[in-house]
Amino acid sequence: MDIPDTLVRKSEEIFFSFPPERRESALVPLMFEAQRELGCITPDTEHWIAETVGVSLVKVREVLTFYSMLRRERAEKFLVQFCRNISCCLAGAEDLQRHVEKKLGIRNGETTADGLFTLRYVECLGGCSWAPMMLVNEMQYYQLTPEKLDRIIEGFRSGRPVPPDEPTPLLGNVGEKIAV
Amino acid sequence: MTSSNGTRLLSRNFALPGQANLDTALKRGAYEMLKRALKMKPEEVTTVVKASGLRGHGGAGFSAGMKWGFVPKDVFPRYVCVNADESEPGTCKDRLILEYDPHLLIEGALICAWAVQAERIYIYVRGEYFYPTRIVQRAIDEARAKGFVGENILGSGWSCHVHLGTGAGQYICGEETGLIESLEGKKGWPRLKPPFYPAAVGLWGKPTIVNNVETLAFVPRIIEIGAEKFLSYGTPKAGGPTLFSLSGSVNRPGVYELPTGVPLKTLIYDCGGGIKDGRRLKAVIPGGSSSHILTAEECENLKMDFESVVAAGSMLGSAAVMVIDETVSIPRLMVWMTRFYAHESCGQCTPCREGTGWLLRLATRILEGRGRRRDLDDLYELAENIDGKTICALGQAVAWPTKSYITKFRHEFEALIQE
């Protein structure tokens, strides 16, 4: 298969970050980057990875199926990963789930008819003090309310995404300036 | 919280603009402590860290200096792994270090690497942390370009490379041997013990120090103010402040850097502004979802240090405090909690792989009003049969909270069981 040059260059960088005799260590980061570039890891990509890393195909499949962020089927354009762990639920994530399901007209694991959004409920995304939170592709959004959720979804629909909450807002005393 | 700002050691630069950029951070003294450490003998650095009372902030609370001291004398090469796989539910403080002061972390990891004479550092960031990963990668590149990372660091003759490791969505890779397996390109199944310490046998079978982000970010401050001063910011057994991740039913959730051993009520009421909507406190999960739940009464005089929380029947863990108000149903909390572990069990050990699924099914059945009288005892017994019977601590991490929810709030479960 044709592997894009950008991915080949990226793979060289990844190999460089490990001792030369430890090429196998590149497996997870390489799959992560391949998925970023190609949308998912197809059997063809698995072959390329096995060959370039120098491991068996079954080894590639084993690692690929272990990590929940790696996928064998292409995700839709916008992957909405919505947290439903304790802190998010304490902040009302369950009501918001019903709202997002209604807004998108889909349930957990489904894709909208226009192929734009896939909804997935996930466990703790590490945004507990800014709950409820979600990721849309690589973008982090915190302190979700029904209104904010609507704005974010509409933003992606119209091609003008709401800027993500980056960096994470400083809440708590770590955000206070101290006199030196 | 002006009263607590005196102990803002680690986070003191977070709110200052541009701290994530090397040029700005340098003006505020970044990498000065690395210079100082490089003038010390490696074993002197370890001695200072040991004396500072610095304990692991990832969950286990193990003495950092002691861990560094476990590296066998003649075995090379050696490695340092920074555990940035922050995934314990409730925990969200390492994210801020990665986003706001990545050079502090890199400096701390380099000082650790100097102390144990490691030649490579891997910063293993969880896959979902896309933005923090970008910031850390940029910081590594900047530090390399300025000669703080790489060959012959600051003319010392010592070389150390820093690389990013990639998580891909697996809680188990926060377990230190799971993390190492993942870095070796395998599925992140925790290793059998013995050998007990990666410090002796770790990455690629070589001595490896695995420390949490917060733990390592404290190291430059220890070099700066000295072990004795650092110790005074905590308790005699746990030096320095702690970053508390506060979430749940409080008015001002957030991350608070406070002296280790601070009263829990100070954190919840003075810092957190008390319980949301004027409700009453029902319970607190004091150290991430793996810790035993504490009732409001048990929280009354609780101090937040390792020993005190253990004495109260729970653990400080990652200092992730989740506040539960009177309107929250504990059986519902049980479903949220067990769902996490059922999803994250790695599948290696039967009691955990099968048990977590059954815990979730039973908890769901009870919550939905389809529970049978013996379900509650079955739940407890299941937890009992997971506890201590697995290779890694994930087993007890689900068993302990399960047992504590049932023991302390049994009446709430019984009220849902009809027959």
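Hydrogens, waters and symmetry mates play no part in the numbers below; they use all other heavy atoms, side chains included. Throughout, protein chains are lettered first and strands after them, A, B, ... in sequence-line order, and every chain is numbered starting at 1.
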K.L.:
For the residue pair B:Trp336 / A:Glu94, report whether a side-chain donor-acceptor contact shorter than 3.5 Å exists.
P.N.:
yes
K.L.:
Quick check on B:Val323 against chain A: is it the side chain, the backbone, both or neither that has a heavy atom closer than 4.5 Å?
P.N.:
backbone
K.L.:
Using 30° and 60° as the class boundaries, would you call the ring planes of B:Tyr122 and A:Phe18 parallel, tilted or perpendicular?
P.N.:
parallel
K.L.:
Any side-chain heavy atom of A:Pro164 within less than 4.5 Å of one from B:Tyr131?
P.N.:
no
K.L.:
Could you check B:Ser245, B:Ser289, B:Ser247 and say which one makes a side chain to side chain donor-acceptor pair (under 3.5 Å) with A:Ser87?
P.N.:
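That would be B:Ser247.
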K.L.:
Of the listed residues (A:Cys124, A:Ser17, A:Cys83), which shares the most heavy-atom pairs with chain B below a 4.5 Å separation?
P.N.:
A:Ser17
K.L.:
Below 4.5 Å, heavy-atom pairs only: which of B:Gly347, B:Ala20, B:Gly90 has the largest tally toward chain A?
P.N.:
B:Gly90
K.L.:
Which answer fits B:Cys173, side chain, backbone, both or neither, if we ask what part of it has an atom under 4.5 Å from a heavy atom of chain A?
P.N.:
side chain
K.L.:
Do B:Arg332 and A:Cys89 have side chains that get closer than 4.5 Å, going by heavy atoms?
P.N.:
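B:Arg332 does not reach A:Cys89 side chain to side chain.
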K.L.:
At a heavy-atom separation under 4.5 Å, does A:Gln140 approach chain B through its side chain, its backbone, both, or neither?
P.N.:
side chain
K.L.:
Between chain A and each of B:Ser182, B:Pro77, B:Ser87, count heavy-atom pairs under 4.5 Å; write down the option with the most.
P.N.:
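Most heavy-atom pairs under 4.5 Å with chain A: B:Ser182.
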K.L.:
Heavy-atom pairs under 4.5 Å with chain A - which of B:Arg339, B:His343, B:Glu119, B:Arg12 has more of them than the others?
P.N.:
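The candidate making the most pairs under 4.5 Å is B:Arg339.
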K.L.:
Is B:Met337 in contact with chain A via its backbone, its side chain, both, or neither, using a 4.5 Å heavy-atom distance?
P.N.:
both
K.L.:
Does any backbone or side-chain atom of B:Glu128 lie under 4.5 Å from a heavy atom of chain A? Answer side chain, backbone, both or neither.
P.N.:
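For B:Glu128, the contact with chain A is made by backbone and side chain together.
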K.L.:
Pick whichever of B:Ala320, B:Gly248, B:Gly188 has the most heavy-atom pairs under 4.5 Å with chain A.
P.N.:
B:Gly188
K.L.:
Let me know if A:Leu125 has heavy atoms under 4.5 Å from chain B in its side chain, its backbone, both or neither.
P.N.:
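When you check distances to chain B, atoms from both the backbone and side chain of A:Leu125 fall under 4.5 Å.
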K.L.:
At a heavy-atom distance under 4.5 Å, which candidate from B:Arg120, B:Met322, B:Arg134, B:Glu344 has the highest pair count against chain A?
P.N.:
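Going by pairs under 4.5 Å, I would pick B:Arg120.
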K.L.:
When only pairs under 4.5 Å are counted, which of A:Leu170, A:Val28, A:Asn85 shares the most heavy-atom pairs with chain B?
P.N.:
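Most pairs with chain B among the choices: A:Leu170.
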K.L.:
Can you say whether B:Tyr129 sits under 4.5 Å from chain A via the side chain, the backbone, both, or neither, judging by heavy atoms?
P.N.:
side chain
K.L.:
For residues B:Val255 and A:Trp130, determine if any side-chain heavy atom of one lies less than 4.5 Å from a side-chain heavy atom of the other.
P.N.:
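Side chain of B:Val255 against side chain of A:Trp130, heavy atoms only: contact under 4.5 Å found.
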K.L.:
Any side-chain heavy atom of A:Phe66 sitting closer than 4.5 Å to one from B:Ile172?
P.N.:
yes
K.L.:
With only heavy atoms counted, which part of B:Arg126 is less than 4.5 Å from chain A, the side chain, the backbone, both or neither?
P.N.:
side chain
K.L.:
In terms of heavy-atom proximity below 4.5 Å to chain B, should A:Arg36 be classed as side chain, backbone, both, or neither?
P.N.:
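For A:Arg36, the side chain is the part near chain B, not the backbone.
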K.L.:
Hey, which of B:Lys276, B:Lys186, B:His161, B:Glu88 has the most heavy atom pairs under 4.5 Å with chain A?
P.N.:
B:Lys186
K.L.:
Given that the side chain runs from C-beta out, which part of A:Arg84 has a heavy atom under 4.5 Å from chain B: side chain, backbone, both or neither?
P.N.:
both
K.L.:
Identify the two heavy atoms, one from A:Ser68 and one from B:Gly169, that lie closest to each other, and give their separation to 0.1 Å.
P.N.:
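Taking every non-hydrogen atom into account, OG-O, 2.6 Å.
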K.L.:
Out of A:Thr168, A:Val122, A:Leu171, return the one with the most heavy atom pairs under 4.5 angstrom to chain B.
P.N.:
A:Thr168
K.L.:
If I measure from the heavy atoms of chain A, does B:Tyr341 come under 4.5 Å with its side chain, its backbone, both, or neither?
P.N.:
neither
K.L.:
Check whether B:Tyr171 gets within reach of chain A through its side chain, its backbone, both or neither, counting any heavy atom under 4.5 Å.
P.N.:
neither
